[in-house]
Amino acid sequence: MASKIQPVKGTREFYPEQMALRNFIYEKVRAASQKFGYQEWDAPFIEPIDLYAAKSGEELVKKQSFTFTDRGGDFVTLRPELTPSLARMIAAKQGELTYPLRWWSFGPFWRYEQPQKGRSREFFQWNIDMLGVNSPEADAELIAVAATFLRSVGLTPERAAIYVNNRRLMDSEFDTLGIVAEKRLDVSNLVDRRTKMDSAKWDAYALELGLSQAQLDGLKNILGNFDLWKNSDELVRLFATLEALGVRDYVKFDPNIMRGLLYYTGTVFEAFETSGSLKRAIMGGGRYDNLLADVGGQPLSGVGFAMGDVVAGIILQEAGLLPEFVPTPAAVLVTVFDESMWLKSFELAAQLRDAGVNAMVFPEPAKLQKQFKFADKMKIKLALTVGPDEAANAQVAIKNLMTGEQITVKREAVVSEIQKIVG
RNA sequence: GUGCCUGUAGCUCAAUGGCAGAGCGCUACACUGUGGCUGUAGAUGUUGAGGGUUCGAAACCCUUCAGGCACCCCA
């Protein structure tokens, strides 16, 4: 305990219990991705800073990235997002890939932000994208993947919802109000802030941005109109497809969903937990038409979303949806009766492992009481003992720690007896 | 990067300027061939760290670190 060096701010240490949560999320992510036929891939964790500088704002590169100069003098950064790497990798092999391309990934990312609940500086993120098809039906598939994940972890439509909007729809509504194209970004930010400001201040802010009173009233009408999607052919087709895919109950139209990202061009969506303490998005994504052209590739449209493990983990924990933590993968503890029986215990454990049973041997001939206590704490189901009596008759004592029953069986029958109990 | 709140035993927390405590957990024994339950006993500690005020600081002041909340941002 002499050393007091702390972990880096905003990082998390994965003790076995947290590791189990991370793996749980990973398994569910993989299952949902593979159910729809997506391939797993990954990109480097360290990238040249220019990869992001080209497309992203100064905020990202200068303030929110872990950047450093390597020993060769190159400026590099721990990846803050995956999409630029995706765009580069596709552009590099654009002609030889098979489209539509369906790729997913789950890996670490770093952002130099102020840590708080649901936001750390080092986190894992699920990214999933389909490229090469530009249709609302493809958008619907990605939303269905997201819904499939939510369902698979036990988040019902009452508990989690995916809110959908469409940039093109909003742009055309803005046009109708006479809001010029140059103001769209400001108006998007305005919409994003609506839930965070009180309405009088929000109105004042809108007028400050140069909207007329008539435009402001019109904007409020749009943002309150939850049937607006019926004006969009894309969204009508999207919702029809979601119906067919069996996930319509998870999805709601919401004209207030804008998303900060500049590169979204069509459908955008965000998932939220509806009742919990966290008001952060579980996942978010949308359609991007220009991404590849922006990095020098041939035009290629894509749709995708990302989900961070931090928010997802907190929500699952608070909702009580995590499976019970299993401290050890060992199904069996082989006790060590005393020093003279020690090697017998090792022989027995080796026999069990050969038969495919995960088995742990207590590391020393301690009092049996202590060994059983250990087995209990590790939630091991069975304790096996070879004492002098059992050894003399080529037998093994099997105690079922869940029921307290103990039986003594012939050595050659041990594996089948264990399998009978453990299943 | 900004503002506010918090930091005490392994964990959850008490002690508001006067001897650092409780519950849970932990260790030992009852129980030297068997866990959970019960009983008895025991140890919990640089009060996040560093400095200052004071006869005396866990408490008040300053600095710093970490966490939380709200900004910023959310690629």
Side-chain angles (χ1 to χ4, degrees), chain A residues 1-2 4-13 15 47 49 51-65 77 79-87 109-121 123 125 127 188-189 192-193 196-197 258-264 268 270 277-286 288 291 294 304-308 310-311 314 333-338 341 362 365-391 396-408:
Chain A
M1 294 296 277
K4 290 244 174 178
I5 296 174
Q6 293 184 316
V8 172
K9 179 172 180 164
T11 60
R12 290 168 297 160
E13 299 181 304
Y15 289 85
E47 290 279 18
I49 200 166
L51 179 66
Y52 308 95
K55 181 186 76 68
S56 316
E58 292 208 340
E59 175 81 19
L60 164 64
V61 176
K62 290 198 173 159
K63 293 174 74 180
Q64 295 196 306
S65 287
T77 181
R79 62 182 188 183
E81 60 164 328
L82 192 61
T83 311
S85 305
L86 172 69
F109 294 87
W110 294 265
R111 289 181 194 172
Y112 195 84
E113 296 187 284
Q114 205 54 247
Q116 40 183 279
K117 195 176 186 184
R119 191 166 72 178
S120 58
R121 289 184 174 178
F123 55 95
Q125 191 165 278
N127 284 269
S188 293
N189 285 334
D192 263 344
R193 278 182 203 199
K196 289 186 177 176
M197 299 172 78
M258 293 302 286
R259 297 204 40 81
L261 288 186
L262 300 177
Y263 55 65
Y264 290 122
V268 291
E270 275 179 356
S277 67
L278 268 188
K279 284 292 162 237
R280 294 181 185 283
I282 303 171
M283 44 176 93
Y288 44 90
L291 197 65
D294 287 350
F305 69 86
M307 177 187 81
V310 183
V311 172
I314 291 171
L333 175 75
V334 180
T335 62
V336 178
F337 186 84
D338 61 23
M341 295 287 120
F362 200 84
K367 290 169 71 172
L368 282 179
Q369 183 179 216
K370 188 174 176 184
Q371 300 188 41
F372 273 77
K373 220 165 201 163
F374 171 80
D376 188 55
K377 275 192 204 146
M378 295 297 264
K379 298 195 169 126
I380 294 175
K381 294 190 171 110
L382 300 174
L384 269 51
T385 305
V386 183
D389 298 345
E390 289 84 3
V396 176
I398 302 176
K399 179 158 185 181
N400 182 336
L401 295 175
M402 298 172 292
T403 63
E405 290 166 22
Q406 179 163 321
I407 54 174
T408 302

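The sequence lines fix the lettering, A, B, ..., with proteins before strands; numbering per chain opens at 1.
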For this session: Could you work out the separation of B/rG45 and B/rC31 based on their P atoms and round it to a whole Å?
Result: 30 Å
Problem set entry | Strand RNA chain B as a dot-bracket string - pairs counted if Watson-Crick or G-U with both distances under 3.5 Å, | where the partner lies in another strand | (((((((..((((....[..)))).(((((.......))))).....(((((..]....))))))))))))....
Exercise. What integer distance in Å separates A/F372:CZ from B/rC37:P?
Worked result: 16 Å
For this session: Classify the nucleic acid contact of A/R79 as base, sugar-phosphate or nothing, counting any heavy atom under 4.0 Å across all strands shown.
Result: nothing
Exercise. When rounded to the nearest Å, what value does the distance between C1' atoms of B/rC13 and B/rC29 take?
Worked result: 30 Å
Problem set entry | Nucleotide nearest A/P115 (side chain, heavy atoms from C-beta), chosen from B/rG68, B/rC73, B/rU34 | B/rG68
Problem set entry | B/rG51 to B/rG42 separation - P atoms, rounded to the nearest Å | 36 Å
Exercise. So what does A/G284 hit on the nucleic acid, given a heavy-atom distance under 4.0 Å: a base, only sugar-phosphate, or nothing?
Worked result: nothing
Problem set entry | Separation between CD of A/E47 and OG of A/S85, rounded to the nearest 0.5 Å | 3.5 Å
For this session: Provide the distance between the two C1' atoms, one in B/rA14 and one in B/rA20, to the nearest whole Å.
Result: 10 Å
For this session: Would you name the heavy atoms of A/G118 and A/I314 that are closest together and state the gap between them?
Result: N-CD1, 3.5 Å
Seminar exercise, completed: Comparing nearest nucleotides in RNA chain B, the 5'-proximal residue of the pair A/K370, A/D389 is A/K370
For this session: Looking at every strand, decide which applies to A/G118 at a 4.0 Å heavy-atom threshold: base, sugar-phosphate, or nothing.
Result: nothing
For this session: Find the distance A/F374:CZ to B/rU27:P and express it as a whole number of Å.
Result: 12 Å
Exercise. Nearest to the side chain of A/K399, which nucleotide is it out of B/rC73, B/rU34, B/rG33?
Worked result: B/rU34
Problem set entry | Nearest-angstrom distance, C1' atom, B/rU54 to B/rC61 | 12 Å
Problem set entry | Pairs where residues 371-387 of chain A contributes a residue and the test side-chain hydrogen bond (donor to acceptor under 3.5 Å, both in side chains) is met, not counting sequence neighbours | A/T335-A/T385
For this session: Apply side-chain contact (heavy atoms from CB on, under 4.5 Å) to A/V310 and A/R119, showing your working.
Result: CA-CA 7 Å; A/V310 183; A/R119 191 166 72 178; over 6 Å; no
Exercise. Rounded to whole angstroms, how far apart are CG on A/L382 and C1' on B/rU34?
Worked result: 14 Å
Problem set entry | B/rU46 and B/rG3, which share atom name P, separated by this distance in whole Å | 32 Å
Problem set entry | Residue A/Q406, side-chain heavy atoms: nucleotide from B/rG35, B/rU34, B/rG33 that is nearest | B/rU34
Exercise. Would you call A/K399 and A/L401 a side-chain contact if the rule is heavy atoms closer than 4.5 Å?
Worked result: yes
Problem set entry | Rounded distance in Å - OH (A/Y15) to P (B/rG10) | 13 Å
For this session: Compare the minimum distances between each of B/rC29, B/rC71, B/rU34 and the side chain of A/Q116, then state the nucleotide with the smallest one.
Result: B/rC71
Exercise. Expressed in angstrom and rounded to an integer, what is the separation of A/Y52 atom OH from B/rC74 atom C1'?
Worked result: 16 Å
Exercise. When all nucleic acid strands are considered with a 4.0 Å heavy-atom cut-off, which category describes A/F337: base, sugar-phosphate, or nothing?
Worked result: base
Exercise. Do the ring planes of A/Y288 and A/Y264 sit parallel (below 30°), tilted (30 to 60°) or perpendicular (above 60°)?
Worked result: tilted
For this session: Find out whether A/S65 and A/Y52 are in side-chain contact, i.e. whether some heavy atom of one side chain is under 4.5 Å from a heavy atom of the other.
Result: no
Seminar exercise, completed: Walking RNA chain B from its 5' end, the first of A/K377 and A/M402 to be reached, judged by nearest nucleotide, is A/K377
For this session: Return yes if some donor-acceptor pair links the side-chain N/O of A/R121 with the main-chain N/O of A/R111 below 3.5 Å, else return no.
Result: no
For this session: Kindly say whether, by distance alone, the side chain of A/R119 makes a donor-acceptor pair under 3.5 Å with the base of B/rC73?
Result: yes
Exercise. Do A/M307 and A/I282 touch side chain to side chain, with heavy atoms closer than 4.5 Å?
Worked result: yes
Exercise. Between the base of B/rG67 and the side chain of A/K9, is there a donor-acceptor distance below 3.5 Å?
Worked result: no
Problem set entry | Whole angstrom value for the distance that separates P of B/rC72 from CZ of A/R280 | 12 Å
Exercise. Can you tell me if the side-chain N/O atoms of A/K367 get under 4.0 Å from OP1 or OP2 in B/rC29?
Worked result: yes
Exercise. For A/G10 and A/S120, which heavy atoms make the closest approach, and how far apart are they?
Worked result: O-CB, 3.2 Å
Problem set entry | Separation of B/rG67 C1' from A/I314 CD1 (nearest whole Å) | 13 Å
Problem set entry | OP1 or OP2 of B/rC69 under 4.0 Å from side-chain N/O of A/K117 | no
Problem set entry | B/rA41 versus B/rU47 - spacing of their P atoms, nearest Å | 29 Å
Exercise. Given B/rA70, B/rC26, B/rC31, which nucleotide is nearest the side-chain atoms of A/Q114?
Worked result: B/rA70
Exercise. Taking the same atom, P, in B/rG68 and in B/rU32, what whole-Å distance lies between them?
Worked result: 48 Å
Exercise. What is the nucleic acid contact for A/Q125, judged by heavy atoms within less than 4.0 Å: base, sugar-phosphate only, or nothing?
Worked result: nothing
